[in-house]
> 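Got a structure for you, written out below as structure tokens; questions coming shortly.
Chain letters run A, B, ... following the sequence lines, proteins first and then strands; every chain starts at 1.
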Amino acid sequence: MARSSVLSLLNASAAPTAPVLIQGWVRTRRDSKAFSFLEINDGSCLRSLQVVADASLTNYAEVAHLRTGSSLEVEGDLVPSQGGGQAWELVARRITLHGATPEDYPLQKKGHTPEFLRSIAHLRPRTNLFGAVFRVRSRMAYAIHRFFQERGFVYVHTPIVTASDCEGAGEMFRVTTLSPEEMKQGVPDFFGKPTYLTVSGQLEGETFACALSNIYTFGPTFRAENSHTSRHASEFWMIEPEMAFCNLEGDMALAEEMIQYLVSTAMEECAEDLAFFNKFVDKELLTRLAFVRDRPFARLPYTEAVEILLASGRSFEYPVAWGQNLQAEHERYLTEEHCRCPVTVFDYPKDIKPFYMRANEDGRTVAAMDLLAPGIGEIVGGSQREERLDVLRGNLARQGLSGEAYSWYLDLRRYGTVPHAGFGLGFERLLMFVTGVSNIRDVIPFPRVPGSAEF
RNA sequence: UCCUCUGUAGCUCAGCGGUAGAGCGGGUGGCUGUUAACCACUAGGUCGUUGGUUCGAUCCCAACCGGGGGAGCCA
């Protein structure tokens, strides 16, 4: 007999004429005098299916002692439920136990703290919260591919292991086959030069944009920064589109369109899971997402953002001054209080931005943009790239970077250079925004953060 | 890396300078088409680790380890 998903049975419009089969895990059991109720979840959706197990079942004594977490399969008849609370229930003809749980199974029916669940990351997908998070994660990953593929973007697999040790995006993990002693003795390494885990696929992505026009990458990224915050992980996933013949305006437009597309998709395709987050994680979630989906984003030149902050009358812990990076508290004011919606801040001072960003005509800013989301902060960071060979060379020299190491990158400007632009979207930050989950460790299956790489 | 809070039963927590308690969860029994079910009984803890102060430390002090929140950096 073919397996039916709990989802398909719960959504049944009419009772099937033949018996059905489900396979899953017990969420809870309630006993009556002559029968037991089992709630079975198979991960196909948030809800569980109520199974009625009558005492006449041959293995009823065993069934009546099943604990949360036990795995089994049930063959039976789907019928309209006699009780309230669910439309359908499954009256069991046969229950086959795959694996019982002993009494030390750590998950209870009641709520657990996210901190405790992190310590049992191998079991937490079995909870309502994490089941929902990872279903949404999967849908969002698919939606990202769909968004770009529908617009003719080519998916490029940029390398995980890289020799670019000065991409400037953060501290890097060293990749080596050498022992510490061998490294000291100068033994040649596997690749013949120092190599690292990538902190960004952008530079390699640019090379493909300068051939295929519109490309995107979507893969793991590694930063060896010693950050202890709810927004940083050492290993995370990033989406980096790059577009040839595109300026900052087009870059910002794509980022905003993408965020709205993803929010809209989540609301359509993950409605049940989002309703759960709205109820138990963040009561403002659906209101905020609908707002983001339906309203245009604000756009502020950096200079204007600074003026707004200076005129706000707020006393910030860090002073506001043109030429300084916007602090988290400044970004929060702009997006949560001044604009009350996502804000794209653009045209940043050139001295606080990396060498590859395009110099503006004013001589003091670059065509950079950050998309700030309420409650999360920076969710997208991007720029138009400097396509003028001489300007780019000057930037490298000014930042003390060797033109030799970037010769292949400079070649893109030597041979048929084009204006181009792109950005990076932190996938986990997007998920935090879409689910309302406030810690990045709870939207990635097995989080890696400084001091912790369990599982 | 810095600031700050925290570590007592499987979970969430209370407690006190004289070696510990609740609720939930587990077990047993009862009851009911139940649905975070309910009622009764019951088991379960070298109070994060190592030192120190003290007649005596879970409690006070120090260091270390783990966890949370914030800052910086960024996505």
> Apply side-chain hydrogen bond (donor to acceptor under 3.5 Å, both in side chains) to A:Thr68 and A:Gln108, showing your working.
CA-CA 7 Å; A:Thr68 304; A:Gln108 305 173 8; over 6 Å; no
> Using salt bridge (charged side-chain N to carboxylate O under 4.0 Å, His left out) as the criterion, point out the one residue from A:Arg139, A:Arg137, A:Arg135, A:Arg47 that pairs with A:Asp273.
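Between A:Asp273 and the candidates, salt bridge (charged side-chain N to carboxylate O under 4.0 Å, His left out) is satisfied uniquely by A:Arg135.
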> Under 4.0 Å, heavy atoms only, any strand: does A:Phe116 hit a base, just the sugar-phosphate, or nothing?
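A:Phe116: backbone/sugar contact only, no base atoms under 4.0 Å.
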> In whole angstrom, give me the gap between the C1' atoms of B:U46 and B:U8.
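These two C1' atoms come out 13 Å apart once rounded.
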> Looking only at heavy atoms, what is the nearest atom pair of A:Met172 and A:Leu197, with distance?
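So the two residues come closest at CE-O, 3.6 Å.
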> For nucleotides B:C60 and B:C16, find the distance between their P atoms and express it as a whole number of Å.
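Rounded to whole Å, the distance is 10 Å.
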> Would you mind reading off the distance between A:Asn226 atom CG and B:C3 atom C1', rounded to a whole angstrom?
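To the nearest whole Å, that distance equals 14 Å.
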> Rounded to the Å, how far apart are A:Gln327 CD and B:C74 P?
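After rounding, the gap between these two atoms is 10 Å.
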> Expressed in angstrom and rounded to an integer, what is the separation of A:Arg231 atom CZ from B:A71 atom C1'?
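Going from CZ in A:Arg231 over to C1' in B:A71 covers 9 Å.
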> Could you measure between the two P atoms, the one in B:C11 and the one in B:G48, and give it in whole Å?
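Result for the P pair: 13 Å, nearest Å.
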> Given the C1' atoms of B:G15 and B:U32, what is the spacing between them in whole Å?
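The answer is 38 Å between these two C1' atoms.
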> To the nearest Å, how far apart are A:Glu103 CD and B:C11 P?
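Taking atom P of B:C11 as the reference, CD of A:Glu103 is at 15 Å.
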> Regarding A:Leu425, tell me which of base, sugar-phosphate or nothing describes its non-hydrogen contacts under 4.0 Å with the strands shown.
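The residue A:Leu425 makes no contact with any strand.
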> Could you walk me through whether A:Thr96 and A:Glu73 pass the side-chain hydrogen bond (donor to acceptor under 3.5 Å, both in side chains) check?
CA-CA 5 Å; A:Thr96 303; A:Glu73 59 180 73; 4.9 Å; no
> Would you measure the distance from the P atom in B:A22 across to the matching atom in B:A40 and give it in whole Å?
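Here B:A22 and B:A40 have their P atoms 14 Å from each other.
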> Does B:U34 have a Watson-Crick or wobble mate here (both distances under 3.5 Å), and if so which one?
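Paired with B:U34, as far as the under-3.5 Å criterion goes, is no nucleotide at all.
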> Under 4.0 Å between any heavy atoms, over every strand shown, what does A:Ala328 touch: base, sugar-phosphate, or nothing? Just pick one.
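Sugar-phosphate, backbone atoms only, no base.
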> How far apart are the C-alpha atoms of A:Arg288 and A:Asp282, what are their side-chain angles, what is the distance that settles it, and do they pass the salt bridge (charged side-chain N to carboxylate O under 4.0 Å, His left out) test?
CA-CA 10 Å; A:Arg288 193 168 58 242; A:Asp282 179 354; 2.8 Å; yes
> How does protein contact run along nucleotides 33-50 of chain B, one letter per nucleotide 5' to 3', with B for base contact, S for sugar-phosphate only, - for none, heavy atoms under 4.0 Å?
BBBBS-------------
> With a 3.5 Å limit on both atom pairs, tell me what B:C73 is paired to, counting Watson-Crick and G-U wobble, or say none.
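Check on B:C73: unpaired, no WC or wobble geometry under 3.5 Å.
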> Using OP1 and OP2 only, check whether a side-chain N or O of A:Thr113 sits under 4.0 Å from B:U12.
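Affirmative; the distance criterion is met.
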> Collect all protein-nucleotide pairs involving nucleotides 67-69 of chain B in which both atoms are nitrogen or oxygen and the distance is under 3.5 Å.
residue : atom : partner  : partner atom : Å
B:G68   : OP1  : A:Arg118 : NH1          : 2.6
B:G69   : OP1  : A:Asn439 : ND2          : 3.0
B:G69   : OP2  : A:Asn439 : ND2          : 3.3

> May I have the distance from A:Leu326 (atom CG) to B:A71 (atom C1'), rounded to whole angstrom?
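In whole Å, B:A71 C1' lies 16 Å from A:Leu326 CG.
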> What nucleic acid atoms does A:Arg332 come within less than 4.0 Å of, heavy atoms only: base, sugar-phosphate, or nothing?
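Sugar-phosphate contact only.
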> What integer distance in Å separates A:Phe316:CZ from B:G72:C1'?
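Computing the A:Phe316:CZ to B:G72:C1' distance gives 18 Å.
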> Go ahead and name the base partner of B:C55; Watson-Crick or wobble counts if both distances stay under 3.5 Å, otherwise write none.
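Its partner is B:G18.
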> Is the A:Tyr318 to A:His330 ring centre distance short of 6.0 Å?
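Not under 6.0 Å, so no.
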> To the nearest Å, how far apart are A:His232 NE2 and B:C2 P?
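Nearest whole value for this atom pair: 17 Å.
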> Under a 4.0 Å threshold between the charged nitrogen and the carboxylate oxygen, would A:Arg314 count as salt-bridged to A:Glu337?
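Judged by the 4.0 Å cut-off on N to carboxylate O distance, A:Glu337 and A:Arg314 do form a salt bridge.
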> Identify the nucleotide, in any strand shown, that forms a Watson-Crick or G-U wobble pair with B:G45, with both distances under 3.5 Å; if there is none, say none.
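With both distances under 3.5 Å required, B:G45 matches none.
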> Now, which nucleotide makes the Watson-Crick or G-U wobble pair with B:C65, with each of the two distances under 3.5 Å?
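Partner of B:C65: B:G7.
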> Before accepting this row, confirm whether a basic side-chain N of the pair A:Arg231/A:Glu378 lies closer than 4.0 Å to the acidic partner's carboxylate O.
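Result for this pair is no, no salt bridge flagged.
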> How about A:Tyr216 and A:Phe147: are their ring centres within less than 6.0 Å of each other?
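Centroid distance A:Tyr216-A:Phe147: not below 6.0 Å, so no.
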> Can you find a donor-acceptor N/O pair under 3.5 angstrom joining the side chain of A:His112 to the base of B:C11?
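Not at all, since no donor on one side and acceptor on the other fall under 3.5 Å apart.
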> When you compare B:G17 with B:G52, how far apart are their C1' atoms, in angstrom units rounded to a whole number?
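Taking atom C1' in both B:G17 and B:G52, they lie 16 Å apart.
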> OP1 or OP2 of B:G10 versus the side-chain N and O atoms of A:Gln108: is any pair under 4.0 Å?
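Negative; the distance criterion is not met.
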> Calculate the interatomic distance between A:Glu331 atom CD and B:A71 atom C1'; express it in whole Å.
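Checked: the CD to C1' distance equals 13 Å.
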> Any chance the rings of A:Phe218 and A:Phe148 have centres within less than 6.0 Å?
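Aromatic pair excluded; centres sit 6.0 Å or further apart.
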> Could you check A:Glu428 against A:Tyr318 and say which one's nearest nucleotide on RNA chain B is further toward the 5' end?
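Between the two, 5'-proximity favours A:Tyr318.
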> Using atom C1' in both nucleotides, what's the gap between B:G44 and B:U6 to the nearest angstrom?
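Those two atoms are separated by 25 Å.
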> Could you verify whether a donor N or O on one side chain and an acceptor N or O on the other, from A:Ser81 and A:Glu89, lie under 3.5 Å apart?
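Note: A:Ser81 and A:Glu89 side chains meet the donor-acceptor criterion.
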> Work out how far the P atom of B:U35 is from that of B:C24, and round it to whole angstrom.
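To the nearest whole Å, 16 Å.
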> Distance from A:Leu274 atom CG to A:Glu269 atom CD, nearest 0.5 Å?
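With rounding to 0.5 Å, CG (A:Leu274) is 10.5 Å from CD (A:Glu269).
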